[in-house]
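This report concerns only the one structure given below.
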Amino acid sequence: MRRFPGGGIVRGVVVALGVSMAVVAGPAVASASVDSIPAPKLSWTGCSDGFQCATASVPLDYDRPAGAKIDLALIKLPATDPTHKIGTLFVNFGGPGASGLQRLRERGKWPWLFSDQLRARFDVVSWDPRGIGNSTAVRCFDTLAEQESFFGSFPEMPGDPSGNAAFYAKSKELADRCQAKAGPILEHVSTANTARDLELLRRAVGDAKLTYHGISYGTQLGATYANLFPNRIRAMVFDGTMDFAGNATGHDGAGKTVPLDTRQDVATGISQTFDQFLRLCTEAGPKCAFSSGDPTAKWTAITARAKQAPITVDGETWTYSGIINAAADLSDSRGWPDIASLLQRLYEAPQAFKAGEPYTANRTEAFNAIQCSDSDVPTDPAIYSRYAESEDRRVPYFGRIAVLT
């Protein structure tokens, strides 16, 4: 299934350290003690713009810690007042699948996220977790061109049952490709293993206890660490906390019978955020490209037209499914002006515009590999088909997205 998850930033809350969750099941849960494994040696070198980079070697399989090793790519923004440094703040920005190296470069100097006072007293460190990006990664294709060609031909999320078969078939093809090409890492990308990696990284930087900031999926990683190493935490901040049990197994045994995002009611969250987007656009007036007239009525008109036939302008074709997916991409409010502009062009006479992002990393492959390691999910396509219809009735426009993406 296609998915482009991000770590949407919301108001942060300080989490009590008595975090409770069932650590996700997987082949690495009953592993050998991490304490017996030597901490990796980190050699930090400058990697432009004030950042430093290093590589850590950790066990592929914590049940066989003396066996094969994998590499983890790390990035650090050093404390600006090293004389008074408290320690290291480890940050996971969410996903799973996004590069921590890229995100720290993009966000590490945002003063509203990492204040000057915090940056003075802490090294801020992120990393590409196992399976992702510049670390030992889940690779399901031989070349970038092959990857881009595959995802470029991936069917859109079906807007009605007629598209289900092709969508399921391509999703299975992706799973089969990963099984055939990814190698041993595919069986060892669980969040529990990443939490063990984090424990080794804590020791590698010399901190007596962990200081951690987790955003979105990063909260699940932090909660897993807290369960595995409850006495080794200095402080944790969870930002946009997940439903840990709902994500892993589902409540009351729903994991095998209810699609993952459906049981967490992602559709309602998208719908409520889109309603807020329309309201704020109206209040902004001319500053928002979609504000003229009645934005809600205009949105209804766009989707009604797209259900009848794709909207094609200047050679660019927008299906109903493509429009819904573009409108639902609301996790980063910095992109809202672009969505407003797109919707206005669609309403008037849409010009060429391509949704989505280039497939230049392994974010999609890594997301699915990690999520499948961590979560119980239905395996019968008929379950997804039934929920796609019922959720679309319950949450118009966005219900199907939470089932099929």
Side-chain angles (χ1 to χ4, degrees), residues 1-6 8 148 151-164 166-167 170 261 266-360 363-364 388-389 391-405:
M1 293 177 287
R2 277 192 299 183
R3 177 74 179 253
F4 307 101
E148 291 178 336
F151 286 116
S153 65
F154 210 107
E156 288 184 329
M157 184 273 296
D160 60 62
S162 66
N164 288 354
F167 187 81
K170 199 69 171 180
D261 282 354
V266 170
T268 296
I270 296 173
S271 180
Q272 291 174 346
T273 305
F274 187 73
D275 288 345
Q276 182 184 37
F277 162 79
L278 293 178
R279 178 181 62 79
L280 293 174
C281 182
T282 300
E283 293 176 359
K287 293 181 180 179
C288 178
F290 197 55
S291 65
S292 62
D294 181 347
T296 300
K298 289 160 64 178
W299 166 248
T300 301
I302 291 170
T303 55
R305 177 183 171 189
K307 279 186 174 182
Q308 295 299 315
I311 301 173
T312 302
V313 174
D314 296 334
E316 187 75 20
T317 300
W318 284 89
T319 64
Y320 173 81
S321 173
I323 293 168
I324 296 298
N325 276 280
D329 190 15
L330 299 164
S331 61
D332 187 345
S333 60
R334 294 175 301 168
W336 289 16
D338 291 335
I339 295 174
S341 178
L342 168 62
L343 294 179
Q344 185 63 24
R345 293 198 300 271
L346 286 168
Y347 181 72
E348 294 174 342
Q351 63 184 38
F353 185 91
K354 189 178 179 73
E357 60 186 272
Y359 296 96
T360 57
R363 186 174 180 181
T364 301
E389 297 309 305
E391 286 295 284
D392 220 21
R393 292 191 296 270
R394 186 179 71 87
V395 185
Y397 306 117
F398 304 110
R400 184 177 292 268
I401 287 178
V403 177
L404 298 178
T405 57

Would you say Lys298's side chain and Gly293's backbone share a donor-acceptor pair under 3.5 angstrom?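 Checking the backbone N and O of Gly293 against the side chain of Lys298, no donor-acceptor pair under 3.5 Å is found.
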
Are the side chain of Ser341 and the backbone of Pro337 linked by a donor-acceptor contact shorter than 3.5 Å?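 Not confirmed, Ser341 side chain does not pair with Pro337 backbone.
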
Sequence neighbours left out, what pairs pass salt bridge (charged side-chain N to carboxylate O under 4.0 Å, His left out) with at least one residue falling in residues 267-276?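 Residue pairs with at least one partner in residues 267-276: there are none.
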
Taking all heavy atoms of [X] and all of [Y], pick out the closest pair and write down the distance.
X	Y	answer
Val395	Ala267	CG1-O, 3.6 Å
Cys281	Ser291	O-CB, 3.3 Å
Ala306	Thr319	CB-C, 4.4 Å
Tyr347	Ala301	CE1-CB, 4.2 Å
Phe290	Ala340	CB-O, 3.6 Å
Ile339	Ala326	CD1-O, 3.8 Å

Are the side chains of [X] and [Y] in touch, meaning some heavy atoms are under 4.5 Å apart?
X	Y	result
Trp299	Leu346	no
Met157	Asn325	yes
Arg400	Ser321	no
Glu389	Arg393	yes

List the steps and the verdict of side-chain contact (heavy atoms from CB on, under 4.5 Å) for Phe274 and Ile324. CA-CA 11 Å; Phe274 187 73; Ile324 296 298; over 6 Å; no

One pair to check against side-chain contact (heavy atoms from CB on, under 4.5 Å): Ile302 and Trp318. What are the steps and the verdict? CA-CA 11 Å; Ile302 291 170; Trp318 284 89; over 6 Å; no

Counting only heavy atoms not in Gln308 (residues, nucleotides, ligands), do more than 12 fall under 6.0 Å from its CD?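 No.
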
Nearest 0.5 Å, what's the CG-CD1 distance between Leu343 and Ile323?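 Going from the CG atom of Leu343 to the CD1 atom of Ile323 covers 8.5 Å.
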
